[in-house]
Each structure stands twice: as structure tokens, then as C-alpha cells.
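Take a look at the structure set out below.
Chain letters run A, B, ... following the sequence lines, proteins first and then strands; every chain starts at 1. Since the model is a prediction, treat every value here as computed from it, not as a measurement. Hydrogens, waters and symmetry mates play no part in the numbers below; they use all other heavy atoms, side chains included.
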Amino acid sequence: MSSDTTAATDSTPDVAGEELLRVRNLDAGYGDLQILTDVDMDVHDGEYVTIVGPNGAGKSTLMKSVFGLTSHMGGTVTFETEDITGLRPEEIIHKGVGYVPQNDNVFAALTVQENLEMGAYILDEVPQDALDMVFERFPILEERKGQKAGTMSGGQQQMLAMGRALMLEPSLLLLDEPSAGLAPDLVDEMFDKIDEINEAGTAILMVEQNAKEALRRCDRGYVLANGENRYTDSGRALLNDEQVRQDFLGG
Amino acid sequence: MGIAETYSRGRRFAVDRPGALILAFVGVLLLGDLLVGLATGQTALSDVGSLVWDGLMRGLVIGLAGIGLSMTYSILNFANFAHGDFITAGAFSGWATTYVLAGLGRADIGALVLVGAGGSVFGGTLGIGITGTPLAVIAGLLVAGAFTIVLSLAVDRAIFRPIRDEDGITLLITSIGVAFALRYMMQFVFGSNVRGTTAQPPSFAVYLLDGAVRINMHDLTLVVVAGGLMLGVHLLLQRTKLGKAMRAMADNEDLARVTGIPTERVVRSVWVIGGGLTGVAGYMFVLWKGTLGFNDGWLLLLLIFAAVILGGIGSIYGAIAGGLVIGLTASLSVLWIPSAFARAAAFVVMIVILLVKPSGLFSGRSTA
Amino acid sequence: IGSPGGGGGGPEGLVVIGYPESGIQLFRDYYSQSDGSESILVPDGLRDGAMPGQVGNDMANVTGTAPAAGGPNQEAFNQLFQDEYNAAPGVFTSQSYDSVALLILANAAAGENSGPALKEQMRRIANPGGDEYGPEKFVEAVEAAANGDDINYQGASSATNFNEKGDPASAAYAIWEFEGTDSDSTATQEVQNFEGENPEGSGPSADSGPGGSDREISVGILLPETGDLASVGAPMIQAAQIPVKQVNNANPAGLTVNAQIEDTQTSPSAGTSAAQALVSAGVPGVCGSASSGVNVPVSQQAFIPNEVVGCSPSSTALSVSNLEDNDFIFRTAPSDFLQGRVMAQVMSERLEASTVSTLFVNNDYGQQLSNRFANVFEEQFDGEVYHQTAFNIGESSYSSVIETALSAPDN
Amino acid sequence: MSETESGSETNEFESEAKIDATSTPDVSVEYPLQVDGLRKTFGGITAVDDATFQIENGTLTGLIGPNGAGKSTTFNLITGMLKPDKGTVTFNGEDITGMEPHAIANKGLVRTFQIARELEDMTVLENMMLAPKNQRGEKLWRSVTPGVRNDVIEQEEELLERVWEVLEFFEIDHIAEEYAGNLSGGQRKLLEMARALLTDPDMLLLDEPFAGVNPSLEKRLLTHIHELREQGYTFLLVEHDMDLIMENCEHVIVLHQGRVLTEGTPADIKSNEEVIEAYLGGNV
Amino acid sequence: MSVRDDLAARMPGGDTGLIVAVLLVTYAAYVLVGVGLGYSLRGQLNTIAVLTFYIGVFAMLALALNLHWGYTGLFNIGIVGFMAVGVYVMALFSKPAYTPGGAAQVGGLGLPLIIGIIAGMVAAALLGLVVALPALRLRADYLAIVTIAMSEIVRFSFLSGDLQQFQLLGNRVGFGGGSGLILDFTDPLQALFQSVGLWGAYLGFVDAFTVIVPTNPKPVVDGLVYGLILLLFVGAYFWLLKRTGESPFGRVLKAIREDEDVANSLGKDTNQFKIKSFMLGCALMGLAGIFWLMTQGAVTPNFFRPRVTFFVWIALIIGGAGSNTGSVLGGAVFAAVLYQGPRYFKNLIDTVLPSTDAPSGFGQAVGPLISNIDPAPLFFYTVDSIRQLQLVIMGLVLIWLMHNRPEGMLGYRKETASGIPLTAAHARKTATDGGEHTDESPSPSNVASEGGESNE
Ligand SMILES: Nc1ncnc2c1ncn2[C@@H]1O[C@H](COP(=O)(O)OP(=O)(O)OP(=O)(O)O)[C@@H](O)[C@H]1O
Ligand SMILES: Nc1ncnc2c1ncn2[C@@H]1O[C@H](COP(=O)(O)OP(=O)(O)OP(=O)(O)O)[C@@H](O)[C@H]1O
Ligand SMILES: [Mg+2]
Ligand SMILES: [Mg+2]
């Protein structure tokens, strides 16, 4: 691959407020196996950021690294001026980051209600207003709150997973391929929900293979390949970049 | 519901579940044989009563000891072969306490701490029992639970935690290593002889038509303790956040971690609850049968496995129900087959149920 | 019907054959199930004064039989054991002592650590002819044997005269009872003597012993330290070491004894490899092994082909007598052939029971003794045996086997 | 089980011959796969309800439908992973309902999985060598008996040759010695498809082969599929990406709540009111 | 891992060289200990024979288990059950007919030993089938529990009085119950040499041994020859399993271990493969059991406790599951160090520090340590209890291995499941060689697609 890496930090368009997440020179991987090399990334308050890239590029790994789920090998992750590198997931959640993993993301044997309660496990009590907010955003969840999550359809499960991550009203939500495997109508609905959440003030960092749609909707995008930064720009700009289209978006 | 419908349902059942049908048939056959025996006076009702009672007691011990195993099995995802030796360790710690409290000043302290190793002091001579030395017994019970908690936390910390992410088989093999080390360490310290631990407990007879079933105070203690603990654990897991977190972890551990459930803390809680129950079970096992040897837990372990699997891994009701089935099978089977096959019969029942219902009687009902 | 109250159709008497290991549990279960109205008879395997204490019951309805010493030697041995270990000797300890003592004496008489030489001397020092020595005079006996004198060792367990099969030629049986929970000994009620056809013993024997001084005598002790019989084996090993210590403390005729202890783990296979280790070490005679299930393979596999003398202190099964042993296999415990008969007689005449069940440990000791008892009891004493029920070692509850044994006869 | 035993015994030589020649599927049957009244319930949920359709020879047919419509379940029923409650599956004129998966695969109906399942501790070459049917060495005695084993070795050499051709075709020959567990997501998809092809199938069932696949790679995979179709293979493809279905399939079947809602050309489907309501939403 | 791999690679003779080297070191160590213990030459030879015996049986068992676990992923912890059935059925067939008055309580059918051995293997395989048919559907850990339960059922059955003796073809036969069986058939070595007409020659050879062992050399020679035969059988197992593994059959087993559904959907009748593999392994375990016990004179059911199964597992894990070389090495190391080692270690200490009285219990051992800081009694008690501690050590070794070397002593070994080398170079060679014949066939590789970059 070409090596015309655009330094991620330099060209950050200042679209939103304060810097929320700041990843610098991150090296990470699994066990001794390094996947990410020298990755930089920023998310600002209320911003909607998308990561795209080929399979195995390390997109999910980056998400997991932010969330303290990989072996840290170098670099820093800062969240709201605080260094969160190497913290455990439950501590990071406490700081206001929510994460929806790629697949297998509901507790199949628990009811919808219990799944949501688990989302607020670190609090002493279930926050009623947050629960109401989630139910308001995803009415289907309130309808089905006694149902075992495992018996819900794929799309409903995806919403439940998102609802659970919203229970702590995070200021940053990490979404790993929220539309994967969804039928077209649900894909649209899902993207709409994400827009809504973002508009309500939550910053989004999302990985998507449905790259065109994702880049169309987001504020800013990153292209990751081979565990390294490749490009970053506003979503539309990336979408229109000939090189990016050719190499990563299937023309 | 019409007759035709009943018939067709029955037919469908027969076609779908031939195994279950055969089982039911065998069950009816055995029951018939028993009834004939009772009717002709060949089998005494009181004998059957005694066997049932014995089976119930065994079942309670197995069920109580099975809860801890079932919890670690479902939440930590491996079959812990060291569980039997946790039972023994709990029993030794608790009984050392009981001996010391009951025998202080009457016997050499070393002999008491070693639970009368080498026949140096007898539980019977010290008059140990729920009626004779109730405080010593209760203290022993508590120490057994506490010690086993500490032991299992320590073992987890040193041995299981570093390989937590490995697959269940790796952990299983490791637990076999733990079992060996623990068991023979206990033999090294406490010696290999079996000792009697209690005085004859007072008993009373319940009269049936042609005789009586004897029930003693230790049986009743077992019923009370086992029943209370089972209820307590049930409430704990149903009513508290911890219980839900455990079920969540049993369901999907990775997801639990990213949801912010402090998984290591939950694991510790599992060991605390499971270990406590295990230690108490070990103590009660010895109180009930009245003897203690370094091999006790291990010899019980396979039956516990049978019970847990039979009941459905992760289900507390399942562990109890499985325990009762296994206990009753081991006890009652002598009505039909030679006593040498009693244990074998329990295993056969387990295998048969696994084949008919591979996920156990109470499957799909995690931790409750 | 039988169980509580013993009325109905249950047997009047019960024979329990086993070891304390599982006997404790078994009797506990028995006493919690029955009011103790049956007369119970147990053989030597359960002669452990600690039983009532361990069971938590006086066991007043239990009578025992056991191979007994004819004279005061048992007492002498008991004293030795008590002095050495500050504990009462357990089952088969006197036989263990005798076994090692005989091996040392024969070795001293033979003057070399050689199995074939040793076997020639066994009967010479054990059977009548020559001065008599008992355990308390053991050191003198060794000295005499080393001098080439003919001696007649009188053992702690019996007169230790060997018949042509290497079994004790005569046996005395004690009838004993437990002394309650606070005691750790048993009380002998009566002693019955049984003499074989040739109570003085018979069989091939050397005419003289070369003897010899200032040498090291080598002897093996092959008993269970672990496994099912670990708890029986431990005191046996202690007893077996007493004659070794006696010699090493006194150094008669400049002799020392090197005793090598190996563990059978109560398993034929482990026992055989342990025996092979003794063979490798060049041991000419071995005290062991304990149970017949181990003794038979060990003898066949290690002792007989390698020409090592085996002298078991506790293997009582009939099959040991029948081994093609080239005269290398001896024992100081009498064959159950005798004890079965004694038990039948005691059950019938002393305990006056005519209907009996047996409960026996599921190995050849239990099985053969139970069979022998049942045969004699039915054929010679007109008794009736309701059930012969086997039980396995290591169960956590024996209620169901007891239930079976105490029930009315089938049909 | 006995059925396959005897079956494989008799056609062993036949299929050995087939391995030598490069395969071209049997084109004599017009509709190789026919599904009739298929039904499957799980407890209270009816996952597949009276599904009926047939697939034309040498086509690329799309199977679409909302999440939970029963597509994967239908695949499982067709390939024997699940037993239907009702209905029949006919393949090349033969009733294969309820047969074991391996028996069905041996008839030439092979599937891939929705989530690529690699044999991670085996190299790419081992993965590929596994696939061909009726290998002589799969009989234990042939593999160990001296002398007879030479036949096995000989066939192994032949197989390896074919494996290599297919690897080159899919352009994954450069990673032939790599462990499958070390491959990237896309390479796994390629390997899975290549492996399925090596079983000499007449028809391939692909369950969301492009889900999570990067668009560039997706394009290359589709090129391969079209090439193979031109060689006469038949494909049934589950996919949610409507653009992909519209551009590549000749025929589309829409499943909804376990039933066939409608079927037809992509254009028909696109304009079908019911489909728009049930599946496409306002998207098209 | 590379360090160990290199070790094997640098070893002359590769894996075989490694095995031979390990054996030589082991034997040398034992000879040295024997010297320390003052063994005579006879004693030394005897020790070597016994050591070889255990190395042989554990290596065989580990190899058979490797077929189950290493190749097929079947978690069998009922090994003793198959050994027991092998031995008992063999005894049933080959014991001489019952004669009253002998040491044996029951007889057998009196068939030649070889028939008994085959019958034993077949019976073990059939038991394997009975277990496998239902249990192969279960998860690995359930299969484990079913197999261990089965082995206990087998043990209880042989223990029971009901099978103690029965009539078969007019013979009084049986399994002896708790008393066990006396194995009074012809000495296996004699049977072997007689069948090839070399018995006389063998006796001559034994006589010649008197030069080294002056008196009664036969048991020593017998032991050594038997050990040698066992090693030959280890070689045969190794050969058989290597061929099994390096074949399309082995390839399917490997695939089953990784993902059964995949193998199934590729048209492999996985159940049949699993059953075959399971039965073959069981037969091999039965044979190993026969070899272990047939010269032991007698067999009792309680030998077949689950503990022996775990010994075999430890042996396999020491060597590394999945590797035949590892299985043999694991068997040898286990037998020499963990199984037999402590015995010799203890004897060595007894020789170095003779005539010390070990306390009889833990209490007496720690008492002095606490009261007047005298560690000696505890030390002697520890040495004296080596047999119990041996099992503690085995447990700790197992834990250590699972933590630090789960892939075994040899490290991770890749053994290619194929009859031919599966390398790109080899493949390219055959492809071009063969390409000439298939010119006309439409090779798919002709159909070009655009060169895309790889996605790694
Ligand atoms: N748990 C793990 N252990 C070891 N390697 C891993 C693990 N998870 C992922 N990898 C490897 O890390 C690399 C990056 O994987 P990652 O999941 O981050 O890719 P991705 O960009 O999310 O791809 P996709 O779009 O297919 O989801 C891949 O080569 C993958 O094989
Ligand atoms: N093993 C099972 N047990 C219970 N319900 C099941 C099972 N398998 C599938 N289902 C249910 O059957 C229905 C159909 O599922 P299926 O996987 O076939 O859908 P699909 O069309 O492949 O959907 P997707 O596009 O999301 O993959 C769903 O409601 C699902 O929950
Ligand atoms: Mg990803
Ligand atoms: Mg699907």
C-alpha cells in the first residue's frame, strides 16, 4: 500500500467543541501480537466520527483498545483530559464511555429489562430517568421488556445493545458495525437512531463496513489499514476522494 | 380435549421421544415390581422407607455440595475436579475447630487440631454432636465455610486466574492437578485413616405399617441447614444485582466485561458463595455420616458431577433435584439390583438422562 | 422388616468381615439403623480397640475372633509396642512382628543374604527343636541363630510352626469383645486352639545353620502405606520395625539389620513394582504383603521367580496356600480355612444364632472368609445363611447394604 | 449411515475419475434444487413456514428477507443441519429430506457458513486438502497398510495439484502454508469458498458471504462467482445488501416470516409493494 | 517454543534421536542411583527392566490417548475402563480351564494367549463403541464425565459378586469379583517364543546369561526381554499412529477436533470417523492394559481406579498433546521421574541418612519444630511420606505445565495431516508436473481476475 499517510492530527477540522477522546501513538494488540502501530485519533464533544477500512485493518482492535480490552504496547488514550490508558472497562465506563461490540452483544438468557439494568451495573441503583429515556428512544424495548433477549430479532438485539450502552448516559458511544447483518429497512432505522443519539449530544465513534452510508452521515471519518492511519477528513471529502474510493470503497 | 387429540399427542410424543418412552416404561416396570414385592410381603414397607430416607439424606448432601460446583461450572465455564477436595478441606478445617472446642483441656491440642489423626482422640469420646456440643458444631460449620472461601479464593488467585482466558478443558486439566495436590497434602497432614467424628446422635423412630424408620438429630440438622442454605442462595441470586450479574456472566463473559460488570469481582463472589457452600457441605457431610477421611470429597465428586449435569449446569434447583435423584437411585437401587451396583446405577441414570435430555433436567435456567 | 427392632424375618446374627477403614462407617450406619439386637461376629480384621470410640457406641453386641497367641508372648509384644510407640498395637501387628523376626532369625542362621538359603532355615528356627525364644528374648535368639544353634521361635501371634505349605501349623483363636468407647483395647474372653494334623509343623528344612557374625542382615518390609489398607498398614509397619530396632540396638554377634520398607499402595501393580525394587536391592526375604489380592501377584511375579522368601503377616486367603511357590512363600497369619470354622462355631454355640447374614468387604479376604463361614455354618451347625452381602470400601453410606443384610431371606 | 457407506463404496471409482478431470457440473436437470412445503418450529416460534421454491440450473439466485425471516434456518434444513418438521427437499431429482449433512454434501450440495468457520490450526493447504470427496486414504486401513498406502499417496499428489489450481484461481496461493487462524476476515471468506468448491459441488449455498467484507474485496469475490456460474455451477445466495442482489442475481426469492413472499427478477422485486413494505422500508 | 524445536531439529536423528537421547539419560541416571544404593549387577539390570516396563506401558497409553485427544479432540478420562476390559476379557479367553484345588477360583476358556489378546482388544473397542455411539454427541466435558463414569461402572461390575463366576461353554469361568483373577495362563514370553519355535534357543540364551548373573538369571532376562518387547510395541504404536495422522483419515480427525460442523458440511461422515478413531484408541488402550498386567500374576478391579487414567493424562500433557513424539517422551519422563522416581529418591535418602526414625504422624513431625525449632522430624516425615507427596508433586507439575507449557515439553509441534509434504514448493512442483497432462481442461486459473492486493 502507498505510504502517503496524512497525519491525523494536523488536518482535524474543528467541527465541534472540546476535545473528548484523544488517542496518540497507540500501539496495541493481542498477547504478543501487535496489530495497531502508531495510531492517532480524536473525537470532539458531540462529534460523529466513523472509521472505515479493509477487513483485519484493526478497526475493532482500536475500539477495544480505547476500552481497555487489548494488550497495551505504547501510546496514550486520553478522555476529557484524563489519561485512561490501561484502565479496566468498568472504570472507563464510569468516566462516560459506552461500547457496543460487533456481535454477540446481548445477554441472551436475560430479559430485556435485565439487560438494560446490567448496563447500569456500576451504579447503586437503576437510574429510572435513563431507563425512561432509553424506552422513549426505543419503544420496542419497553414493549418487550419481559422477553428473553435471545429470542429477539437481529435488529431488535442491536437496539437493545445500544440501549444498554446508553443507560449511563455516556458522553461518548463506541459502536462496532451496528448495521452488520441487518435488513435494509433496519439498516436505515439504525442509522437514524444513531443520528438521533448524536443530535441529543452524545459523541459517536463508529466502525462501519457500510462505508458509503456511514461516511455520508458522519462529521468526520478515518481510514485505517494495516493497523495504521491512512486518511482522515470530513466524511463527504473522503467519500469523494478518488484514491479512497478506489482502494477502500470498492470504486 | 378430545380423546383423539390426546391419542395423537401421545403418539407424537412416542415418535419424537422414543428414549423418554422407554425410560417411562422401565420406570413403570420397576415400580410394579416394587408394588408386587410390597403386596406379597417380600419387601417391607419400612425397609423401603428407610432406603428412601437414606437416599434423601444422601441427595441433600450431594445437592448442597453440588451448588458450588454448578456455579463455578456455569460462570467460570469449567468442570472443577478439585471441588471434591475443597469439600474435604472444608470438612477438615471445620472438624478441627469442633474438636478443639469440644475437647479443649480433655485431650492433647495437637491431636485435636489434627482431628484425632492416628486414633489419638475420638469424636465419640468427646461427645460431639448437635445435641451434645451444639456450639462446637455451629462454630465448626462456620469455620468450614469461611476456610473454604479463603482456600478457594487463594487457589483461584494463584492457579485459575492466570489462565482464566484459556478454554474449559485447560482449566479442567489444571483442576485435576489442584485436586491431586490438595488431596494428598491433606493426607500428608491429617493421615490416611478414617476417623469417627461424632457420638451416636439421639434418634427417634417413625412407625410405618410393618416396622419403623429411624431418623436421628443429625439427619434433621442436615435437612435444616441444607434447606436453609438452598433457600438463601436462591433468594440471593434472584433478588440481588449480584445474582443477575452472575447470570449475565454465565451467559456471555466478554460482553459482561464490556458492559462494565466487574467480572473479576463477580468471579470472587462466585468463589465466596460457592466456596462457603462447599465448605458447609463438607462439614455437614461428615456430621451426617459421622466419619472423616482424606478421600471423602473425591469419592463423592463423581456423584456430584452426575447430579449437577443431570440437573442442568448452572441451575440451583437442578443441582438439588439432581442430587436427590442420584441419592435416591444409589439408595433405592438395592431393591432391584445387587448392592455392588448401587453407585454404578447412579452413573447409569446420569448417562441415560444425558442422552434423553442432553442439557439436563432444569436446562436453560441459569443459576436459579 | 428386619431393621429396627429386629423382629420380623431378619436374621438373628450378623457376620461382618472388613477393616476398620470402612468398618467405622458401617457400624455407625448399623447403629443408627438398628437397635443392636442382632448378635454380631467379626474376625481379626476388625479387631481394633479403637472401634467403639470411633463408632461412638459401646458395640456390646459384637463378639470377635482372631488368631491368638498361645502363651504370654502376646503380652510381651504388646508391651514392646506400647513402649516403642506409646500406642496400642492394631490388627495384624503381632503377625508382622513375627514375620520380620523369623526372617531375621533365618537370615542369621543362614549366614548369607540369599533367598534359597533363607528358605531352608525358616522351618529350622521356627519349628520345634532347640531352645525356645519369644519376642522379649529376641536378641538372644538372633545371637543363638548366628552361632548356628537350633532354636524354636515362639511368636507373638502363635507358636509360629510352619506346615508343609508354609502356613502356621496350628492356630489359636481368641474370642474377644470390645471394651467400650473409652478403651482402645479389646478383651479376650476365651482362647480356642486348633491344631492341624501336624501341630509341630512339617516340611523341608535344613539340618543345620551355618550362622555367622559381624554382617548385615537385609530384610524387606512390603506393606500398604497408602491405598485402602493404609490405616491397617501403618501400625503393621511399625510393628515390623521393632525386631529390626531390637537387633540394631543390641548388635548381637555383631549383626545389624538393614530393613527396606516399600509401599504396596494396596494395589497389585504398585505392589509388584515395589517388590521388584526390593528384589533389585538384593533383599533375600520380605515381610509382606498384607492383603491376598496383592500377595498372590507379588509372590508369583517377584518373590518366587527371583527366589526371595515372602512371609506375609496378614494375607489369610485360601489361595495363598495353593500357590506353586517352590517353598518360598510363608505366612504367619493362619489361613481363613480355620477362622471360618471358628466363627461358625462361635456363632452357633456361643452366640446361639441359627439364622445369619454376612456382610463382607469385597476382596478375597472378605469373600473367602464369608464363603467358608457360610459353608461350615450351614453344613456343620445346621444354621441358615440369609444373605451374603459384599460391600465396597469407601462408600459414604452403608445403609442400603445393611438393609439388605438385615432383611428376610429371599423367597 | 449405512446408506452412505454402500453408496460411497460403489461410486468410489467413478468419483476418483471425477477428481482427475476438472469438474463441470451436471447440467441435465433444469431445477436441481426443489424445496416443497418446508416447515420448522422452535418451541413457539415458527422459523420456516411452508416454504416452497426451486432453483434453476446455472443461475445465481438471491434469497432475501428481513432479519429472522428464516433464511439461515432454510439453509440448515436444506443441508441437513436441522431436520424439518414437514416438507421435502429434492436435489437433482432425489429426495434428500432429513439426510445427514455429510450425505447431502456428498450429493453435491454444499454450503458456506454465515460466519466463516475455518479450521484454525490447519494450514490453508490442509484446509483445502480436506475437502475433496471420497479420498482413498479416508479409509483407515488403506492409510496404514503398507503397499496399499502408495495408492493413497498417489491420490494425494493428484489432489494437491488440483488444490493448487484452485488456490491460484482465488489468488490465495501466496498464503498456502499459513495457518487458517492467521488469515484476515476476507481471506477466510475466500478460503471457505475455495474449499467448498473443491468438494465438486453441483450447487453452492452461500450464507451472507459478504457480510463484513470490505467493498473492494466484495467486488473480487463477485467476479469469481460469476466466472464459476458461467462454468455451470448453481448458486443460492443470502444477502442483505440490496444493491448487490439487484446487480448480480438473475432471480430473487423473498422470504418473510418463514414463507416465500414473492419471487422474480430483481426488477420485479424492487417494485413489489409487499416487498417494499416488509423488507426494503423507504430505502429504495 | 523455538528453543525446544531447535533442540529437536539439532538432535541427530531428529525426533527419534531425541527420544533415544532422553532414554539414555534416564537410564544413566537410574544406573547412577543404583550405584548409590549399592545395587549388584543383578539389581541394576532388574531396575532397568522395571523402568523399561513402565516407560513402555505409559508411552503406549499416552500414544493411544493422543489419538483420542490430540488427534480427534475426544476428552476420554475413562482410560482404565478400557484397560480393564482388555485385561479381563483376555483372561477370560486365555486362562486355563478350572481345576479344583488350584490357587485360581475360576478358570477360563483355555484358548491361546494371542487369541485372548485379540479378544481383549476387540472387547475394549466394542466398549468404546458402546460409549461412543451415544456420547459422541455430547460436549467435550460431558464426554469426560461419561467416560469416567463408564470406567467406574466397569470397575464396579468386575468387583461385583454377580460376575464373579459363571458358566460359559461348559467351563467354570468368571471375573473373580473383589478377589480378582489369578492370571495363570502360560507365561507370555514362553508363549511368544514357543509360537515361533525359539523357546529352546531362548532358554539357552538365558543360560548364557549366567556369565553376568550367576544365579537364577531367568527373571532378570525375562524382565529385560519383556521390556524390550514393550519398546518394540511402542514403536509399532508410534508407526501406526503416525501413519494414521499423516493421511486423509487423520486430516478429517484434525478437522473434527477443530470444528465438526465444517467437516460434516464438507461431506465427511464425522460420526463414523470419530467412532473409528475412538474404537482404535480404545483397542490400543486395551492392549496396553494387557501388556501392563499380563505378567503381573493377578489382577484386581481396584487397580483400575481413575487415578491411573490421570497418570496417563499427565504423561500426555508433559509430552504435548497432538504429537506422537511428545507422547512417547511424556510417557518416558512420567514413568522415570514422577512414577518410579520418588521411590528411588527415598531409598537414596534412606541410604545416605540411614536408620533414622521417621515420626509416625504429622503431629509428631511438627511438634518439635514448633516447640524447639527442630526441623529434622518434619524432614524425615516428609521423606517417609514420599508416596503421598509424589501425588502432590504430580498435581503441581500438572498445574505448572498448564500455566507455562500447555503445549508440552516439546513446545508446539505442527504435524501435517497429509500423506505427502504440504508445502507450497511441493505443490508448485506437482502442479507444473501434472499441468502438462491437463492442458485441455479449462483450468480455473486461466480465468484471470484483476490482481488485487492481499488483505493482511
Ligand atoms: N483476539 C484476538 N487475538 C489475536 N488476534 C486477533 C484477535 N482479534 C483480532 N485479531 C487480529 O487482529 C487483526 C485486526 O482485527 P480487527 O478485528 O481489529 O479487524 P477489523 O478491522 O475490525 O476487521 P473487520 O472489518 O473484519 O471486523 C486481524 O488480523 C485479526 O486476525
Ligand atoms: N436454534 C434455534 N432455537 C430457537 N429459535 C431459533 C433457532 N434458530 C433460529 N431461531 C429463530 O428462528 C427465526 C429464523 O431465524 P434465521 O436465523 O433463520 O433468520 P435469518 O433469516 O437467517 O435472519 P438473519 O438475516 O438475521 O440472519 C428467528 O426468529 C430465530 O430467532
Ligand atoms: Mg471488526
Ligand atoms: Mg441468517
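- If you measure heavy-atom distances from D:Arg149 to chain E, the contacts under 4.5 Å come from the side chain alone.
- Side-chain contact between D:Glu156 and E:Pro248 is present, with at least one heavy-atom pair separated by less than 4.5 Å.
- Side-chain atoms of E:Asn264 and D:His102 include no donor-acceptor pair closer than 3.5 Å.
- The heavy-atom pair separating D:Val144 from E:Arg243 by the smallest distance is O-NH1, 3.1 Å.
- Interatomic distance, CD of D:Glu100 versus OG1 of E:Thr270, reported as 8.0 Å (0.5 Å rounding).
- Side-chain atoms of E:Lys268 come within 3.5 Å of backbone atoms of D:Leu130 as a donor-acceptor pair (strictly under, hydrogens ignored).
- Neither the backbone nor the side chain of D:Thr79 comes within less than 4.5 Å of any heavy atom in chain E.
- Residue contact with chain E, scored on non-hydrogen atoms closer than 4.5 Å, involves the side chain of D:Glu177 exclusively.
- D:Met81 and E:Ser265 get closest at one heavy-atom pair: CE-CB, 4.4 Å.
- Atom NZ of E:Lys276 and atom CG of D:Leu140 lie 7.0 Å apart (nearest 0.5 Å).
- At distances below 3.5 Å, not a single donor-acceptor pair connects side-chain atoms of D:Glu138 with backbone N or O atoms of E:Val252.
- At a threshold of 4.0 Å, the pair D:Glu126-E:Arg251 does not count as salt-bridged, since none of the basic side-chain nitrogens sits closer than that to a carboxylate oxygen.
- Taken from OG in E:Ser247 to CZ in D:Arg136, the straight-line distance is 14.0 Å, to the nearest 0.5 Å.
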*Residues E:Phe249, D:Arg142; criterion side chain to side chain contact (heavy atoms under 4.5 Å, CB included); working and verdict*: CA-CA 9 Å; E:Phe249 182 82; D:Arg142 277 180 192 261; over 6 Å; no
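- For a residue to count as touching a neighbouring chain, one of its non-hydrogen atoms must lie under 4.5 Å from one of that chain's; by this rule E:Leu253 does not touch chain D.
- Heavy atoms closer than 4.5 Å to chain E are found in the side chain of D:Val152, but not in its backbone.
- Atoms CD1 and CD, on D:Ile153 and E:Glu246 in that order, are 8.5 Å from each other to the nearest 0.5 Å.
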